[in-house]
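Contents: one structure, followed by commentary.
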Amino acid sequence: MAEQTGTAKLTIGDKELDLPMYSPTLGPDVIDITKLYAQGGVFTYDPGYTSTASCDSTITFIDGNKGELLHRGYPIDQLAMKSHYLEVCYLLLYGNLPLAAELEEFERTITRHTMIHEQMHMFFRGFRRDAHPMATMVGVVGAMSAFYHDSTDISDPRQREVASHRLIAKMPTIAAMAYKYSIGQPFIYPKNSLDYASNFLHMCFSVPAEDYEVNPILARAMDRIFTLHADHEQNASTSTVRLASSSGANPFACIAAGIACLWGPAHGGANQACLEMLKEIGSVDRIPEFLARAKDKNDPFRLMGFGHRVYKNTDPRATVLKQSADEVLELLGVEDNPLLQVAKELEQTALNDPYFIDKKLFPNVDFYSGIILEAMGFPTSMFTPIFALSRTVGWISQWKEQLSDPAHKIGRPRQLYMGEAQRDYTDVEER
Ligand code: SDX
């Protein structure tokens, strides 16, 4: 626990409370209000948690004003350009970059957990073929609780470790199976000879009828997308996983809860919504019409892929993805992709528009990822499953961190009750 570095004085009526303050390694100081209700008889009020730190953590730091993102202190652009996803998984899980032997052992372990229980194949067949792959993933990942009983006891560190490895290893297999099922093609088993990103592309795009060669540049772009989505501090889905875990729920149930939360278009579902928006805009000459809608208070339309609760400057992930988009589309010979042209013109127009400047709305991680994924051959319905696959290591790392804190307790927020005061029941004849 952090050392007290100051005191905040709070006057409530005739009471004056001294609340401890702590100073982080990076970021704003915090005021500890754990005793506020007991001492002051009041709650704080912060719907959406715009000013609330829900925990202390050592995993990821975001500076929204500078547009910085650090994983265990390492800047995301360095990790995206110099590292690879499984090494970043090791960093997030264990706190430091691995030595060569540690990395080799970790990659071997993950590789050997990529198959799912054969009977789970039957579970997919209960879904309609046109089920959204996120619906399938929520169901299948939750159902892992029914297949892997030897890694559900959260009080056993070894079982926590095995569950972490199983989830990181099996999410690509489950996501690829959800995709194959939705297009009526047979499931493709993982191949241990392939790296993590190549294996995912293989399971998604190969068919039994012919050989499939993974394009190494697409595999690199895929791996970079995984890395850029790996963790992001206490976002909505990570907070969901932490809250689910605080009740003692098993890891598979907690990750299923995270997948469900990520699905929303305000969160991980924005990558699918963003590409659908770019397709609806269709051409650069329709951009003014959509910008006007985004600014119209009476229109619920928002510019998907723009804005962020924390980033009030550029999202560093979007910067890397924009570069990757250029590389991938050039490789595929579709650099004149009309969607990319619309995206770039929309970005430039919005960034010079007073509304977006005043509200500090910049492209976020979801703005360019969809363009790359579509160019790689994925349908929009697979964009959020890929986000969920990538974020599993972040959810698991935060889940492990919370469980390793002996002082952790069940999360149970209070409320500002604005309903009816007590009143007596009346029979229907008297109403
Ligand atoms: C992710 O939290 C994370 O870290 C998430 C994430 C991660 O890695 O886990 O980074 C992943 O979820 C990225 C965000 C993806 N979502 C979208 O791209 C959807 C579009 N964006 C918005 O819905 C919105 O910007 C949010 C949800 C991302 C942030 O919402 P906030 O912080 O609650 O901000 P807000 O809704 O209070 O908006 C502030 C103002 C409002 O105007 P006023 O009421 O003050 O007049 O900005 C406006 C909003 O109307 N605004 C937008 C806008 N986003 C905010 N106006 C037009 N288009 C937008 N995209």
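Both counts, for ligands and for their atoms, begin at 1 and track the order of listing. This chain uses plain numbering: 1 for the first residue, then up along the sequence. Every value quoted in this text rests on a predicted model; they were computed, and no experiment measured them.
Contact between Lys297 and ligand 1 is present, with at least one heavy atom of the residue lying under 4.0 Å from the ligand. Within the structure, the closest approach of His229 to ligand 1 does not fall below 4.0 Å when heavy atoms are considered. In this structure, Ala236 has no heavy atom closer than 4.0 Å to ligand 1.
Residues Phe306 and Phe367 bring their aromatic ring centres within 6.0 Å. The aromatic ring centres of Phe290 and Phe301 sit less than 6.0 Å apart. Not less than 6.0 angstrom separates the ring centroid of His308 from the ring centroid of Phe362.
In terms of protein heavy atoms, atom 12 (O) of ligand 1 is closest to His267 ND1, 2.9 Å. Of the protein's heavy atoms, His232 ND1, 2.6 Å lies nearest to atom 4 (O) of ligand 1. Scanning the protein heavy atoms around atom 14 (C) of ligand 1, the nearest turns out to be Asn364 ND2, 3.6 Å. For atom 9 (O) of ligand 1, the closest non-hydrogen atom on the protein side is Arg391 NH1, 2.8 Å. In this structure, atom 54 (N) of ligand 1 lies nearest to the protein heavy atom Leu361 CD2, 3.7 Å. With hydrogens left out, the protein atom closest to atom 59 (C) of ligand 1 is Leu303 N, 3.7 Å, a heavy atom. At the top of the distance list for atom 48 (C) of ligand 1, counting protein heavy atoms only, stands Tyr355 OH, 3.7 Å.
Geometrically, ligand 1 and Gly305 share a nitrogen or oxygen pair separated by less than 3.5 Å. Among the atoms of Phe306, some N or O lies under 3.5 angstrom from an N or O of ligand 1. Considering both main-chain and side-chain atoms, Ile62 never comes within under 3.5 Å of ligand 1 through any nitrogen or oxygen pair. At a 3.5 angstrom cut-off on N or O pairs, His308 counts as close to ligand 1. Note: an N/O pair closer than 3.5 Å links Ala266 and ligand 1 by distance alone.
Annotation for ligand 1: atoms under 4.0 Å from non-hydrogen atoms of Ala270 are 15 (C), 16 (N), 17 (C), 18 (O). Heavy-atom proximity to Gly307, at under 4.0 Å, picks out these atoms of ligand 1: 25 (O), 28 (C). For ligand 1, the atoms sitting less than 4.0 Å from at least one non-hydrogen atom of Asp366 are 1 (C), 13 (C), 14 (C), 15 (C), numbered in the order shown with element in parentheses. Heavy-atom contacts of Arg309 reach the following atoms of ligand 1: 29 (C), 31 (P), 32 (O), 33 (O) (cutoff under 4.0 Å).
Looking at Leu69, Asp231, Asn235, Leu228, it is Asn235 that brings a heavy atom closest to atom 2 (O) of ligand 1. Nearest-residue assignment for atom 35 (P) of ligand 1 (options Lys360, Lys359, Arg302; heavy-atom criterion): Arg302. Nearest residue to atom 19 (C) of ligand 1 from Arg317, Met304, Lys312 is Met304 (criterion: closest heavy atom).
Aromatic ring orientation, Trp263 versus His132: tilted (interplanar angle from 30° to 60°). Using cut-offs of 30° and 60° for the angle between ring planes, the Phe378 and Phe200 rings count as parallel. Using cut-offs of 30° and 60° on the angle between ring planes, the pair Phe127 and Phe123 is perpendicular. A tilted orientation is assigned to the rings of Phe205 and Tyr212, their planes being inclined by 30° to 60°.
Within 6.0 Å of OH in Tyr49 there are 12 or fewer heavy atoms belonging to other residues, nucleotides or ligands. The number of heavy atoms from other shown groups lying within 6.0 Å of CD (Glu104) does not exceed 12.
In the model, Ser182 has no side-chain atom that pairs as donor or acceptor with a side-chain atom of Asp130 under 3.5 Å.
For atom 57 (C) of ligand 1, a protein heavy-atom neighbour is present inside the 4.0 Å cut-off. Checking atom 37 (O) of ligand 1 against the protein gives no heavy-atom contact under 4.0 Å.
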Under the criterion salt bridge (charged side-chain N to carboxylate O under 4.0 Å, His left out), I'd like the reasoning laid out for Asp296 against Arg293: C-alpha separation, chi angles, the key distance, then a yes or no.
CA-CA 5 Å; Asp296 178 356; Arg293 286 188 58 195; over 6 Å; no
Under the criterion salt bridge (charged side-chain N to carboxylate O under 4.0 Å, His left out), I'd like the reasoning laid out for Arg158 against Glu161: C-alpha separation, chi angles, the key distance, then a yes or no.
CA-CA 5 Å; Arg158 180 60 191 145; Glu161 188 81 27; 5.3 Å; no
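If you run side-chain hydrogen bond (donor to acceptor under 3.5 Å, both in side chains) between Arg72 and each of Thr58, Asp231, Asn96, Thr60, only Thr58 comes through. Each of Lys322, Arg224, Arg220 was scored for a salt bridge (charged side-chain N to carboxylate O under 4.0 Å, His left out) with Glu327, with one residue passing: Arg224.
Electrostatic pairing of Asp150 and Arg166 counts as a salt bridge here, judged by a charged N lying under 4.0 Å from a carboxylate O.
By the criterion of a heavy-atom distance under 4.0 Å, neither the backbone nor the side chain of Ala273 is placed next to ligand 1.
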